[in-house]
Q: 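Starting off with a structure, shown below.
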Amino acid sequence: MKILLVEDDIRLAETLAEALADQLYVVDTALEAESALEYIRAGDYDLLLLDVMLPELDGISFCSMLRSQGYQMPILMVTARDTVSDKISGLDAGADDYIVKPVDLGELFARIRALLRRGITPLPPVLEWGSLRLDPSAGSVSYGDIPIYLTPKEYCILELLLRQGRRLMSRRAIIQSIWPTEETVEEETVKVHMRSLRQKLKAAGAPENLIETVHGRGYRLREIK
């Protein structure tokens, strides 16, 4: 079983990761929401162990964002705040369970086992647009039979566009989704990544205008005829 641990306290993260590894879980660790999102988009996790008090984007907001994007892995939230209102906020955001710091390892392992017993999380569906294929479970992209190797940001942008289909995505909306914790990302950054993404798609045989620019408004995938 594979677990993503999102905890900004480095010493605590190391302690929890080591304890989970001793229980024969495969553990990846992220210190904040942006890197956690890249892990999730590139891999397949059986459970997310998520701290509430994260820098920039808090755990409750991050949990809500993941659920809004269709991610269904069990989420166990960890917090130092033991109040009913905090627990309600976490559960309403989409968390499956809640544990309070300082974490008792025996209780943590029991809660993880209980969540994993609920059943195997269904794999996210393969996203397709004509001959373009993105498999979120494998983190792979191809056009026809030709694999396309993308950077993590290019992959995230393409996945976002595939999930939106013909709906327009402005550069600002793309920044908020792909760089949720960075306030200094400029719209020019999106243009640079988009240019590189288009070049790689074209090199694999995709139409040059597969990603359509609607000037002054944003991007979307061109309609397939």
Q: Which atom pair, heavy atoms only, marks the closest approach of S196 to E154?
A: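 Answer, listing the atom of S196 first, then E154: OG-OE2, 2.6 Å.
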Q: Got a sec, which residues hit salt bridge (Lys or Arg N to Asp or Glu O under 4.0 Å) with R113, two or more places apart in sequence or on another chain?
A: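 So R113 forms no salt bridge (Lys or Arg N to Asp or Glu O under 4.0 Å) with any residue.
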Q: Can you find a pair of side-chain heavy atoms, one from K200 and one from V141, that are under 4.5 Å apart?
A: no
Q: Given salt bridge (Lys or Arg N to Asp or Glu O under 4.0 Å), test E212 with R166 step by step and report yes or no.
A: CA-CA 9 Å; E212 178 182 18; R166 289 288 293 162; 3.0 Å; yes
Q: Taking side chain as C-beta onward, heavy atoms only, is D8 less than 4.5 Å from M53?
A: no
Q: Can you list the steps and then say if F109 with L20 is a side chain to side chain contact (heavy atoms under 4.5 Å, CB included)?
A: CA-CA 8 Å; F109 299 152; L20 290 167; 3.9 Å; yes
Q: Testing the basics here: between T79 and V52, what is the closest heavy-atom pair and its distance to 0.1 Å?
A: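 The pair with the smallest heavy-atom distance is CB-CG2, 3.6 Å.
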Q: With sequence neighbours excluded, tell me which residues meet salt bridge (Lys or Arg N to Asp or Glu O under 4.0 Å) with E18.
A: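 Partners of E18 by the salt bridge (Lys or Arg N to Asp or Glu O under 4.0 Å) criterion come out as none, since no residue qualifies.
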Q: Run the salt bridge (Lys or Arg N to Asp or Glu O under 4.0 Å) test against E14 and tell me which residues pass, sequence neighbours left out.
A: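 E14: no salt bridge (Lys or Arg N to Asp or Glu O under 4.0 Å) contacts found.
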Q: Would K153 and T189 count as a side chain to side chain contact (heavy atoms under 4.5 Å, CB included) if you check the C-alpha gap in whole Å, the side-chain angles of each, and the deciding distance to 0.1 Å?
A: CA-CA 10 Å; K153 295 302 185 187; T189 301; over 6 Å; no
Q: Evaluate side chain to side chain contact (heavy atoms under 4.5 Å, CB included) for L127 paired with L132, printing each intermediate quantity in order.
A: CA-CA 8 Å; L127 303 174; L132 179 63; over 6 Å; no
Q: Would you indicate whether R217, at its atom CZ, is surrounded by more than 12 heavy atoms from other residues, nucleotides or ligands within a distance under 6.0 Å?
A: no
Q: Does D58 have any salt bridge (Lys or Arg N to Asp or Glu O under 4.0 Å) partners at least two apart in sequence or in another chain, and if so, which?
A: none
Q: Under the side chain to side chain contact (heavy atoms under 4.5 Å, CB included) criterion, do R222 and W129 qualify, and how do the steps go?
A: CA-CA 9 Å; R222 183 170 290 277; W129 192 265; 5.6 Å; no
Q: With sequence neighbours excluded, tell me which residues meet side chain to side chain donor-acceptor pair (under 3.5 Å) with T213.
A: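 Testing T213 for side chain to side chain donor-acceptor pair (under 3.5 Å), a comparison that skips the adjacent residues, returns R198.
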Q: For I75, does its backbone N or O pair with a side-chain atom of D96 as donor and acceptor, under 3.5 Å?
A: yes
Q: Considering residues at least two apart in sequence or located in another chain, which fulfil the side chain to side chain contact (heavy atoms under 4.5 Å, CB included) criterion with S64?
A: A93
Q: Compare every heavy atom of Y25 with every heavy atom of L116, then report the nearest pair and how far apart it is.
A: CD1-CE2, 3.8 Å
Q: Closest heavy-atom contact between D46 and P74?
A: O-CD, 3.0 Å
Q: Could you report the tightest heavy-atom contact between G59 and L50, atom names first, then the distance?
A: O-CD2, 3.3 Å
Q: Which value, rounded to the nearest 0.5 Å, describes the distance between L161 atom CG and L210 atom CG?
A: 9.5 Å
Q: List the residues meeting side chain to side chain donor-acceptor pair (under 3.5 Å) with Y219, not counting sequence neighbours, and say none if there are none.
A: R171
Q: State whether the number of non-hydrogen atoms from other residues, nucleotides or ligands found under 6.0 Å of D22 atom CG is greater than 12.
A: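 Atom CG in D22 is crowded, with more than 12 foreign heavy atoms closer than 6.0 Å.
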Q: Under the side chain to side chain donor-acceptor pair (under 3.5 Å) test, which residues partner E159, sequence neighbours left out?
A: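 E159 satisfies side chain to side chain donor-acceptor pair (under 3.5 Å) with Y71, R163 once adjacent residues are dropped.
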Q: The criterion is side chain to side chain contact (heavy atoms under 4.5 Å, CB included); which residues satisfy it with K202, sequence neighbours excluded?
A: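 Checked K202 against side chain to side chain contact (heavy atoms under 4.5 Å, CB included); matches are E208.
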Q: Could you tell me which non-hydrogen atom of R167 sits nearest to which non-hydrogen atom of R220, and how far apart they are?
A: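 For R167 and R220, the tightest heavy-atom pair comes out as O-CB, 3.8 Å.
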Q: For the pair E107 and R111, find out whether any cationic side-chain nitrogen is under 4.0 Å from an anionic carboxylate oxygen.
A: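 Between R111 and E107 there is a salt bridge, with a charged N closer than 4.0 Å to a carboxylate O.
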Q: Side chains of S35 and E38: is there a donor and an acceptor less than 3.5 Å apart?
A: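 Result is no, nothing qualifies.
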Q: Sequence neighbours left out, what passes side chain to side chain donor-acceptor pair (under 3.5 Å) with S170? Give chain and number order.
A: none
Q: Is a side-chain donor or acceptor of E32 paired with a backbone partner of E34 at a separation under 3.5 angstrom?
A: yes
Q: What's the spacing between L66 CG and Q72 CD if we round to 0.5 Å?
A: 12.0 Å
Q: Test of understanding: with side chain to side chain contact (heavy atoms under 4.5 Å, CB included), list the residues that count as partners of S131, not counting sequence neighbours.
A: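 By the side chain to side chain contact (heavy atoms under 4.5 Å, CB included) rule, S131 matches Y143.
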Q: Name all pairs fulfilling the ring pair (Phe, Tyr, Trp, His ring centres under 6.0 Å) condition that reach into residues 185-207, sequence neighbours left out, sorted by first residue then second.
A: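 The answer is W179-H193.
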